[in-house]
Every structure is written in C-alpha cells, then in structure tokens.
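Written below as structure tokens is the structure these notes are about.
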Amino acid sequence: MMFLRRALLAGGSAAATAALLAAVAVGKSGGKSETDSLTPPVTTGKWDRNWDRREPVSMVNLQKINGETGEEELNAKLTKHKAKATRHIFLIRHSQYRLDGKTDEERVLTSLGREQAELTGRRLASLGLKYTRIVHSSMTRAKETTEIISKFLPGVKKSSSDLLREGAPIRPDPPVCHWKPDVEQYYEDGARIEAAFRNFIHRADPKQEEDSYEVIVCHANVIRYMVCRALQIPPEAWLRMSLNNGSISYLVVRPTGNVCLRMFGDSGWLYAS
Ligand SMILES: *[C@@H]1O[C@H](CO)[C@@H](O)[C@H](O)[C@H]1NC(C)=O
C-alpha cells in the first residue's frame with residue numbers, strides 16, 4: 001500500500017502500475033495459506049490492512065492491469081472496491097439462563113435473565129441509533145434474549161444464524177483446568193466460529209452508502225474470539241477476558257478497515273437501579 005501511494009503521488013502511470021503489481025504480489029504471498037484454510041492467521045503485532053480481504057488493492061483484477069494501464073484508470077478500479085460507510089457492530093451476550101436444562105430448548109432464560117434482556121433492550125434504544133438489523137445465534141437463550149430486546153427496537157429486521165452458536169473457538173492460552181473441551185470440539189467449532197467472524201465482521205461493502213448500526217446477539221466465547229480477531233490480538237487470548245450476561249461490546253469498522261473496540265462487556269445499566 002505504501003509503495004502504491006508513493007507511486008501514485010509521484011504520478012508516473014507506468015511506475016504506479018509496477019508498484020501496484022509489487023504491492024499485490026507481496027500481499028498475495030503473505031496471505032495465501034490463510035485464505036485457503038479456516039484457521040486464524042498468525043498475529044505479528046503489525047496491523048494487517050487486508051485482514052478482511054477487502055483492501056481495494058487486493059481486489060483489482062491483475063490480469064487486466066499491465067504497463068499501459070493509466071493512473072486514472074487504476075484509481076477508478078480501486079475506487080470501485082473502496083468502502084464508503086462505517087459499520088457499528090454491537091455484540092450482545094445473551095442474558096442469564098437455566099444451566100440445569102439438559103437440552104438447548106430447556107436452557108431458557110431465568111426471570112433475572114428476562115429482566116436483564118429488558119434492560120439491555122432499553123439501553124440499546126436509549127442510544128438513539130438507527131439500527132439496521134439484528135442477527136442472533138439460533139440457540140434458545142440467544143433467541144429469547146433477542147425477542148425481548150427487539151421489543152425496544154421496533155421495525156428492526158431479525159435473522160438467525162447457526163454460525164453464531166456457542167462453542168470452543170480455539171484452545172485458550174494459558175490453559176484453564178475448569179474447562180477442557182475435546183480436541184475434536186475445537187476442530188469442529190473453531191472453523192465454524194472463524195467462519196462467523198469472516199461473515200459478520202469486516203469493513204462495509206462498497207455498495208453500502210450509509211453507516212450501519214448492527215446488533216449481534218450471541219455468546220461469550222464467540223464474542224471474545226471475534227473481538228480478538230477484529231483487533232488482531234492472538235485469538236488464543238480469548239479466555240483472558242470475561243463478559244457479563246446481557247452486556248454490550250461495541251466494535252467500529254471504518255471504511256479503511258481500521259477497527260476500534262469502543263466498549264467491552266459494558267453492563268453498568270444493569271446494576272444502576
Ligand atoms: C451469567 O449467567 C450464568 C447462568 O446463566 C451464570 O452461571 C454466570 O455466572 C453469569 N455470569 C455473570 C458474569 O454474571
């Protein structure tokens with residue numbers, strides 16, 4: 001990207017094109033294995049601008065670019081792939097539920113949980129934002145939390161996703177003794193929760209004209225994993241954090257792909273009254 005910007009500033013179109021090809025080539029070799037598998041990339045401490053595979057320079061069709069491609073044409077191609085809007089993503093942990101239920105259907109919200117969901121719904125409404133949609137995990141506790149929250153966000157479309165179900169995202173480091181899922185559970189859930197991250201957390205589509213305010217109701221492990229991935233923190237760190245029931249975590253994804261965590265596990269309003 002830096003090469004490209006420098007070349008575009010210099011103005012030479014042939015130079016710009018050569019630089020673009022070089023920049024893309026670098027990005028390509030770096031990201032190849034990650035694109036091919038559902039394991040998270042290795043974090044380096046340096047921000048990967050193409051973390052969501054939506055960095056315009058990585059999306060230009062190389063076959064159609066050659067030494068003859070002018071600077072204007074190149075810029076037009078890049079602009080076509082550029083996001084314009086900011087995504088505001090509110091990650092809600094379902095509220096308290098019955099741990100004694102044997103099946104998912106029996107693990108319904110407790111009366112305290114229903115109360116927490118009401119308060120979280122009120123809290124979201126009080127922020128006065130123009131919510132775009134609510135996506136929730138298909139598990140009972142997330143569905144029930146969503147039903148209650150959505151009373152406070154009338155007219156906002158709801159949809160369900162199996163990708164967001166609770167699970168074991170990746171072996172935590174350091175390990176803990178009270179929670180030891182089997183190897184195959186990480187193997188199955190890890191890929192699915194990584195897919196959830198790739199589906200729901202990325203910069204806006206270039207076609208999106210206005211900023212969006214999206215609510216995702218799911219689970220503590222899924223939220224912690226997605227927050228680590230979004231911030232490019234090693235995902236193995238997810239269990240070093242904890243989240244209250246009914247809490248709100250809030251990610252902002254800018255059109256540049258830059259990400260900011262504005263809240264994590266915010267739940268002050270649940271205890272204020
Ligand atoms: C959330 O609720 C579960 C039961 O549904 C309970 O075990 C847990 O301690 C609660 N977590 C917090 C942080 O209050």
Side-chain angles (χ1 to χ4, degrees), residues 89-127 134-153 158 160-182 185-186 189 192-193 196-197 200-201 215-231 233 235-251 261-273:
I89 304 171
F90 297 86
L91 300 160
I92 317 293
R93 185 189 177 197
H94 60 77
S95 43
Q96 196 197 55
Y97 69 104
R98 294 193 51 159
L99 291 169
D100 57 354
K102 289 204 173 45
T103 61
D104 175 55
E105 290 72 31
E106 285 168 14
R107 292 192 192 118
V108 293
L109 297 187
T110 60
S111 59
L112 175 62
R114 306 190 70 81
E115 211 177 306
Q116 289 169 335
E118 293 252 339
L119 292 169
T120 301
R122 273 183 213 283
R123 173 65 179 174
L124 284 171
S126 77
L127 297 176
I134 306 175
V135 189
H136 61 87
S137 139
S138 53
M139 288 178 97
T140 303
R141 54 192 185 272
K143 260 190 294 194
E144 289 192 335
T145 303
T146 302
E147 271 155 34
I148 297 170
I149 284 177
S150 70
K151 285 193 301 189
F152 298 91
L153 309 176
K158 283 175 281 188
S160 177
S161 168
D162 289 338
L163 289 178
L164 293 167
R165 292 172 76 88
E166 187 58 311
I170 193 168
R171 197 181 295 280
D173 187 33
V176 290
C177 42
H178 63 269
W179 193 73
K180 278 201 191 309
D182 297 330
Q185 201 184 334
Y186 287 118
D189 293 353
R192 192 248 311 153
I193 298 171
F197 169 73
F200 294 109
I201 316 291
V215 176
I216 300 181
V217 181
C218 58
H219 307 270
N221 299 358
V222 178
I223 294 172
R224 289 179 287 183
Y225 178 83
M226 296 207 293
V227 164
C228 286
R229 288 285 286 110
L231 298 181
I233 288 167
E236 292 84 355
W238 69 274
L239 203 46
R240 299 173 204 167
M241 306 177 245
S242 77
L243 285 172
N244 284 341
N245 291 310
S247 63
I248 303 179
S249 302
Y250 171 16
L251 284 171
L261 179 66
R262 286 237 182 118
M263 297 180 200
F264 184 78
D266 202 10
S267 56
W269 65 89
L270 291 177
Y271 306 101
S273 51

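One-based numbering, in listed order, for ligands and for the atoms of each.
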_SB check R192 D189 (cutoff 4.0 Å)_ = yes
_Which residue and atom name correspond to the protein heavy atom nearest atom 8 (C) of ligand 1, and how close is it?_
N245 ND2, 3.9 Å
*asked:* So if I count the atoms of ligand 1 from 1 in the order they appear, which ones are less than 4.0 Å from some heavy atom of Y97?
replied: 4 (C), 5 (O)
*Which residue owns the protein heavy atom closest to atom 13 (C) of ligand 1, what's the atom, and how far is it?*
N244 OD1, 3.3 Å
_Tell me whether Q96 has any N or O atom under 3.5 angstrom from an N or O of ligand 1._
no
*Side-chain ion pair, E118 and K151, N-O less than 4.0 Å*: yes
*Is the backbone of W269 close enough, under 3.5 Å, to the side chain of R123 for a donor and an acceptor to pair up by distance?*
no
_For E105 and T140, which I'm curious about, is there any donor-acceptor pair between the side chains at under 3.5 Å?_
no
*Of the protein's non-hydrogen atoms, which lies at the shortest distance from atom 7 (O) of ligand 1, and what is that distance?*
L99 CD1, 3.3 Å
*Between W238 and W179, what is the ring plane arrangement, given parallel below 30°, perpendicular above 60°, and tilted in between?*
perpendicular
